[in-house]
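What follows is a short report on a single structure.
We count residues from 1, following the sequence as given. Since the model is a prediction, treat every value here as computed from it, not as a measurement.
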Amino acid sequence: MRQAGKEKTVTKKNDNFIMLPTVDVCFKGLMYNPKVRKGFIAALLGADPAAVRETVLLPTALRQEYPDEKLGILDVRALMEDGAQINMEMQAYPFGQWDARSLFYLSKMYTEQIGRGDPYTKLKKCIHVSILDFIRFADDEKCHRIISLCDEQTGKKYTDLLEMQILELKKLPEELQSDDEVIRWMRFLAGKNRKELEDMAGTSEYIEEAYRELERMSADERARLEYEARQKAIRDHDAIMSSAWETGMEKGLQEGMEKGLQEGREQGKKDIVFRMLEKGMDPEMIADLTGMNIEEIQKLEEEFRARG
């Protein structure tokens with residue numbers, strides 16, 4: 001009977017497990033589902049999903065698959081029926097040069113469309129979508145922004161061939177009163193437990209499909225092992241970065257304190273010498289009383305005299 005009870009407990013634990021979309025292998029798995037991909041892309045484009053007739057996944061040869069020492073970011077690159085390309089990535093942690101990196105991949109995607117001798121008319125729209133589980137723009141509360149090339153003075157768009165969309169999941173308000181489909185998807189992608197994900201599943205048939213896909217992936221043993229390995233890699237990376245930050249802070253604080261003490265001592269000696277000079281003492285007497293080098297006192301005397 002005890003064995004049966006143990007098996008029941010394990011089953012219950014497994015049944016309650018569900019992957020979280022903020023882990024990039026999970027997000028990538030979701031986008032492998034054509035209906036989920038169609039619904040999410042339609043939301044990003046502000047289009048009716050019925051108008052998105054076909055999306056094809058392209059290989060992402062710019063980086064390796066799944067956990068490695070450098071924790072390379074996994075992305076999803078889709079080709080639209082009209083030739084436009086969309087590159088989507090889930091980014092769980094901030095790092096230096098993030099802006100430059102995003103611009104590099106957008107430019108790379110754009111220029112790879114043509115070869116030597118090809119006409120520029122072959123170039124189609126390219127969109128880079130960054131879903132961030134951290135805050136990039138701290139000066140406002142806007143959680144979804146669309147960035148394109150435009151005239152700085154008039155604000156007029158220069159071209160629609162290059163676009164960046166940035167979704168900041170950490171900026172979602174606790175109470176969401178919005179019919180914006182992108183915001184609904186963000187709410188789903190930011191879900192931290194089964195209940196939050198399930199609550200959003202009822203908001204659209206495409207998010208419902210994403211939730212069902214999450215359940216399918218979570219029940220797949222191989223997918224779960226890849227997910228857990230990726231989670232571990234992210235946790236290890238966070239721990240290393242946190243440790244490096246704390247070590248750097250401690251070292252910086254210690255160096256700052258030592259520098260501050262040294263500067264304080266130097267300023268204190270200078271003040272004492274200046275007061276002695278004000279009393280009419282000569283440098284030799286000051287050197288004898290303080291134990292300081294006569295050359296150092298003479299330099300301070302020159303500074304004191306220059307002050308008038």
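Note that the OG atom of Ser204 and the CZ atom of Phe188 stand 9.5 Å from one another [nearest 0.5 Å]. Distance check, rounded to the nearest 0.5 Å: CD of Glu196 to CG of Leu20 gives 9.0 Å. Separating the CG atom in Asp180 from the NE2 atom in His144 is a distance of 7.5 Å, to the nearest 0.5 Å. Atom CZ of residue Arg37 and atom OH of residue Tyr206 lie 13.0 Å apart, to the nearest 0.5 angstrom. Rounding to the nearest 0.5 angstrom, the gap separating the CD1 atom in Ile127 from the CD1 atom in Ile86 is 4.5 Å. Atoms CG and CE, from Leu167 and Met186 in turn, are 4.5 Å apart once rounded to the nearest 0.5 Å.
Taking each heavy atom of Glu208 and Ala201 in turn, the nearest pair found is OE1-O, 3.1 Å. Scanning all heavy atoms of the two residues, the minimum distance from Gln113 to Cys126 falls at NE2-SG, 3.4 Å. Nearest heavy atoms, Leu197 versus Met19: CD1-O, 4.0 Å. What you find for Lys38 and Pro49 is that their closest heavy atoms are CE-O, 2.7 Å. Contact between Ala42 and Val52 at its shortest, heavy atoms only, is CB-CG2, 3.9 Å. Of all heavy-atom pairs spanning Phe27 and Pro21, the tightest one is CB-O, 3.4 Å.
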Tyr110 vs Lys124, test: side-chain contact (heavy atoms from CB on, under 4.5 Å). Steps then yes/no.
CA-CA 8 Å; Tyr110 183 69; Lys124 302 297 182 181; over 6 Å; no

Start with the C-alpha gap between Lys299 and Glu295, add the side-chain angles, then the distance that decides, and say whether salt bridge (charged side-chain N to carboxylate O under 4.0 Å, His left out) holds.
CA-CA 6 Å; Lys299 287 181 180 179; Glu295 287 81 8; over 6 Å; no

Quick one: do Gln165 and Ile147 satisfy side-chain contact (heavy atoms from CB on, under 4.5 Å)? Show the steps, please.
CA-CA 6 Å; Gln165 293 200 30; Ile147 300 172; over 6 Å; no

Stepwise side-chain contact (heavy atoms from CB on, under 4.5 Å) test for Trp98 and Leu132
CA-CA 11 Å; Trp98 176 83; Leu132 310 180; 3.6 Å; yes

Carefully, step by step, assess Arg136 and Glu168 under the rule side-chain contact (heavy atoms from CB on, under 4.5 Å).
CA-CA 7 Å; Arg136 165 60 184 86; Glu168 296 174 272; 3.6 Å; yes

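Between Asp140 and Arg145 a salt bridge is recorded (basic side-chain N to carboxylate O distance below 4.0 Å). By the 4.0 Å N-to-carboxylate-O rule, Lys171 lies too far from Glu141 to be salt-bridged with it.
The side chain to side chain donor-acceptor pair (under 3.5 Å) with Glu228 is formed by just one residue from the set Arg230, Arg224, Gln231; it is Arg224.
With a 4.5 Å cut-off on side-chain heavy atoms, Glu89 and Ser130 count as touching. Gln91 places none of its side-chain heavy atoms less than 4.5 Å from the side chain of Asp133. In this structure, the side chains of Arg212 and Arg216 come closer than 4.5 Å at one or more pairs of heavy atoms. Contact check for Thr22 versus Leu189: no side-chain heavy atoms found under the 4.5 Å cut-off. Side-chain contact between Leu57 and Arg77: absent, with no pair of heavy atoms (C-beta onward) separated by less than 4.5 Å. When side chains are defined from C-beta on, Phe137 counts as touching Ile166, because their heavy atoms get closer than 4.5 Å. Looking at heavy atoms from C-beta onward, Ile41 lies in side-chain contact with Met80 at the 4.5 angstrom threshold. At a threshold of 4.5 Å between non-hydrogen side-chain atoms, the residues Cys143 and Ile183 count as touching.
Side-chain polar atoms of Arg222 and Tyr227 form no donor-acceptor pair below 3.5 angstrom. No side-chain donor from either of His128 and Glu163 sits under 3.5 Å from a side-chain acceptor of the other. Residues Thr203 and Arg184 have side chains that never bring a donor and an acceptor to within less than 3.5 angstrom of each other. Using a 3.5 Å distance cut-off with no hydrogens or angles, the side chains of Asn33 and Glu209 do pair a donor with an acceptor.
In the hydrophobic clustering of this structure, Phe17 groups with Val25; members are Ile, Leu, Val, Met, Phe, Trp, Tyr whose side-chain heavy atoms approach within less than 4.5 Å, directly or through other members. Linking Ile, Leu, Val, Met, Phe, Trp and Tyr residues whenever their side-chain heavy atoms come within less than 4.5 Å places Tyr32 and Ile131 in a single cluster. Residues Met88 and Leu45 share a single hydrophobic cluster, defined by chaining ILVMFWY side chains whose heavy atoms lie under 4.5 Å apart. Met164 and Leu149 fall within a single hydrophobic cluster, where Ile, Leu, Val, Met, Phe, Trp and Tyr are joined by side-chain heavy atoms under 4.5 Å apart, directly or via other members.
Within a 6.0 Å sphere centred on NZ of Lys195, heavy atoms belonging to other residues, nucleotides or ligands number 12 at most.
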Pairs of donor and acceptor atoms involving the side chains of residues 154-161, under 3.5 Å and at least two apart or interchain, shall be tabulated with distances.
unit_1	atom_1	unit_2	atom_2	d
Thr154	OG1	Lys156	N	3.2
Thr159	OG1	Leu161	N	3.1

